[in-house]
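Values in this document were obtained by computation on a predicted structure and should not be read as measured data. Sequential numbering from 1 along the given sequence is applied to the chain's residues.
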Amino acid sequence: MLKEFKEFALKGSVVDLAIGVIIGSAFSGIVKSLTDDILMPPIGLLLGGIDFANFFLLLKPGDPAGPYLSLADAQAAGAVTVNYGMFTNTLINFLIITLVLFFIIRLINRLKRE
């Protein structure tokens, strides 16, 4: 049984998949940093100095009751919130990754035709 597992695990497609997952995970961290640290600050500045990460909808105040100036303040007080600013950042991360993958697939398809 161990021999069969070793043969399966060392097949080229399994190793390729593992490498792809590891690279994808690292790439995801890079894109998150790109979004949070490079793209969103200038966009927030252009929109009046806002921080998208602090956009939230208060469902139930915590103790002490609000108003809360940041999401961290609301969470520290135990407030129940819908964090749509964090969702916006995650959505932008997804769109960037999707766009990069689209260009990679397009390049691979072009190279296959040649």
Side-chain angles (χ1 to χ4, degrees):
M1 187 164 116
L2 185 60
K3 181 181 175 186
E4 290 174 355
F5 177 75
K6 182 179 175 183
E7 289 174 9
F8 168 75
L10 294 179
K11 283 185 180 178
S13 58
V14 175
V15 174
D16 291 345
L17 179 61
I19 291 170
V21 168
I22 292 167
I23 290 172
S25 176
F27 182 68
S28 176
I30 291 168
V31 172
K32 180 171 176 21
S33 177
L34 172 71
T35 303
D36 294 345
D37 302 328
I38 295 176
L39 293 178
M40 296 311 281
I43 291 171
L45 187 61
L46 289 172
L47 296 175
I50 56 176
D51 181 6
F52 282 87
N54 283 319
F55 284 179
F56 63 95
L57 175 66
L58 183 64
L59 297 178
K60 180 182 173 203
D63 184 30
Y68 305 109
L69 300 178
S70 69
L71 178 59
D73 292 343
Q75 290 175 335
V80 178
T81 60
V82 174
N83 307 326
Y84 64 91
M86 298 296 282
F87 177 75
T88 302
N89 284 349
T90 303
L91 185 62
I92 291 170
N93 288 345
F94 172 77
L95 293 174
I96 291 170
I97 290 172
T98 303
L99 184 66
V100 169
L101 289 176
F102 170 74
F103 285 124
I104 290 171
I105 291 170
R106 194 169 166 206
L107 177 66
I108 289 171
N109 288 338
R110 187 177 298 153
L111 291 173
K112 282 182 180 179
R113 280 185 260 149
E114 294 177 0

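- In this structure, the separation between CD1 on Ile104 and CG on Asn109 is 12.0 Å, given to the nearest 0.5 Å.
- Note that the CG atom of Leu59 and the OG1 atom of Thr81 stand 7.0 Å from one another [nearest 0.5 Å].
- With values rounded to the nearest 0.5 angstrom, Ile92 atom CD1 is found 10.5 Å from Phe87 atom CZ.
- Follow the hydrophobic side-chain contacts under 4.5 Å out from Ile108 and you reach Leu101 in the same cluster.
- No continuous path of ILVMFWY side-chain contacts below 4.5 Å connects Phe56 to Ile43, so the two sit in separate hydrophobic clusters.
- Of all heavy-atom pairs spanning Phe27 and Val100, the tightest one is CZ-CG1, 3.6 Å.
- Note on Leu71 and Phe55: separate hydrophobic clusters, where clusters join Ile, Leu, Val, Met, Phe, Trp and Tyr whose side-chain heavy atoms are under 4.5 Å apart, directly or indirectly.
- The minimum heavy-atom distance linking Ala77 with Pro64 is given by the pair CB-O, 3.8 Å.
- A side chain to side chain contact (heavy atoms under 4.5 Å, CB included) with Ile19 is found for exactly one of Ile23, Val21, Ile22, namely Ile23.
- The side-chain hydrogen bond (donor to acceptor under 3.5 Å, both in side chains) contacts involving residues 53-74 comprise Asp51-Asn54, Ser70-Asp73, where partners must be two or more places apart or lie in separate chains.
- With Asn89 as the partner, the side chain to side chain contact (heavy atoms under 4.5 Å, CB included) test is satisfied by one option alone out of Asn83, Asp36, Leu39: Asp36.
- The distance from atom CD1 of Ile97 to atom CG of Leu95, rounded to the nearest 0.5 Å, is 9.5 Å.
- Ser33 contributes no side-chain N or O that, together with a main-chain N or O of Gly29, makes up a donor-acceptor pair within less than 3.5 Å.
- For the atom pair CD1 (Ile96) and CG (Leu91), the distance works out to 10.0 Å, reported to the nearest 0.5 Å.
- In this structure, Lys32 NZ and Thr90 OG1 are separated by 6.5 Å, a value rounded to the nearest 0.5 Å.
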